[in-house]
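Proteins come first, then strands; the chains are lettered A, B, ... in the order of their sequence lines, and each starts at number 1. Note that the structure is a prediction, hence the values are computed from the model and not measured.
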2 protein chains.
Amino acid sequence: MKIGELSEKSHYPAKTIRYYEDIGLLDRPTRDVNGYRNYDNSALQQLQFIRNSQAAGLKLKEIIQILDIRKEGQIPCKHVRQLLSRRLEEVTSRLDELQKAKEDLERLMAYADSFDQMSCDEELVCTILNRIK
Amino acid sequence: MKIGELSEKSHYPAKTIRYYEDIGLLDRPTRDVNGYRNYDNSALQQLQFIRNSQAAGLKLKEIIQILDIRKEGQIPCKHVRQLLSRRLEEVTSRLDELQKAKEDLERLMAYADSFDQMSCDEELVCTILNRIK
DNA sequence: ATCAATGTTCCAGTTAACTGGAATGTCAAG
DNA sequence: CTTGACATTCCAGTTAACTGGAACATTGAT
């Protein structure tokens, strides 16, 4: 199939498919006589795998690594586990940060609601924001 | 005070202070005869305000807006409330996303732990990641 | 006199994952 | 035969918030 069809089926823009090829994420397909890329279903599978991996929060570089391990005939399970575990830590600590940020923001909003709006004439730019500490 | 001193007191690198001036976030200070920047305490206060605003998750452009409103003699409370409320929404929805991502990752990890590692020889690159859907 | 530290400007690079656009080629339909 | 859709390559731009480095001036201390 040509790139347009693969694009439709995979829901990745053609531009992105070419980009993935450039960075070594997607295998180079064969070419028709006219130079057009000619994909088979394995390309679609790869793109689905890429989508799954992205959904798990992996970076393109990490996905390339997994694919490379496979290409060397190795089983990437162990590496994938490592990546997922690192990612889980990232997500967890980011969750904590955001939770704290949320509480701060709610406190700020509550203050903003409570106070007499016109009493704010300080040199400190904004009484609300300066209460975040 | 010179930029080095302001840098120490504010805990912002001198480079960043100059950058903030470039993008219109920090007022241009007066200059000494030699061309060196000469700051007073208000610069320090502004940097503290900037730090507070960043801590609330505001973008530099948004902080510039707040400062601009102040410079026009207006009270930025209403605008700040708006920004904070938008930010709170962002944080909340990002929290939801991450929470879901965390659950997915935990599910994936549990699967990775449970399964017989050497039974993985598929063409689909990785059985673990392909279970995310 | 010289040396290190600090200051200046200006330009370019970083990160990630694309996206836009120009210039050009190919193909199927009317 | 021309038109429009689709294909190609290649280069550059996007976003955010800096950061690095070159080339140069100034200052304070020895």
Could you tell me whether the phosphate oxygens of dT8(C), OP1 or OP2, come under 4.0 Å of any side-chain nitrogen or oxygen in Asn34(B)?
no
To the nearest Å, give me how far apart CZ (Arg18(A)) and C1' (dA12(D)) are.
17 Å
How many angstroms lie between atom CG of Leu25(A) and atom CD1 of Ile23(A), to the nearest 0.5 angstrom?
5.0 Å
With nearest nucleotide decided by heavy atoms, which residue, Val33(B) or Gly35(A), maps closer to the 5′ end of DNA chain D?
Gly35(A)
Think Arg31(A) has a side-chain N or O under 4.0 angstrom from the OP1 or OP2 of dT9(D)?
yes
Min side-chain heavy-atom separation Leu44(A)-Tyr39(A) under 4.5 Å
no
What is the distance from CG of Leu60(A) to P of dT19(C), rounded to the nearest Å?
11 Å
Contact class for Gln54(A) vs. all strands (heavy atom < 4.0 Å): base, sugar-phosphate, or nothing?
sugar-phosphate
Tyr36(B) side chain: which of dT8(C), dA17(C), dT9(D) is closest?
dT8(C)
dT8(C) phosphate, OP1 or OP2, under 4.0 Å from Arg37(B) side-chain N/O:
yes
Could you work out which one of dT19(C), dC18(D), dT8(C) sits closest to the side chain of Tyr20(B)?
dC18(D)
Consider the side chain of Lys15(A), meaning its heavy atoms from C-beta on, and name the nucleotide among dA7(D), dC18(D), dG20(C) that approaches it most closely.
dG20(C)
Nearest to the side chain of Pro13(A), which nucleotide is it out of dA7(D), dT26(D), dT19(C)?
dT19(C)
Can you find a side chain N or O atom of Thr16(A) that sits less than 4.0 Å from OP1 or OP2 on dT19(C)?
yes
Take atom CD1 of Ile63(A) and atom P of dC18(C), then tell me their distance rounded to the nearest Å.
9 Å
Charged tip of Arg51(B) within 45° of Tyr12(B) ring normal and under 6.0 Å
yes
Looking at Arg70(B) and Gln65(B), would you say the former's side chain and the latter's main chain have a donor-acceptor pair under 3.5 Å?
no
From NZ of Lys2(B) across to P of dA25(D) the rounded distance in Å is 18 Å
When the distance from OH of Tyr19(A) to C1' of dT19(C) is rounded to whole Å, what number comes out?
11 Å
For Ile3(A), which contact category applies under a 4.0 Å heavy-atom criterion: base, sugar-phosphate, or nothing?
sugar-phosphate
What's the CG-C1' distance between Leu6(B) and dT8(C), to the nearest Å?
16 Å
Protein-nucleotide distance (Tyr39(B), atom OH; dT8(C), atom P), rounded to Å:
7 Å
Check whether any side-chain N or O of Glu62(A) sits under 3.5 Å from a backbone N or O of Lys59(A) as a donor-acceptor pair, and report yes or no.
yes
How long is the line joining CG of Asp32(A) and P of dT8(D), in whole Å?
9 Å
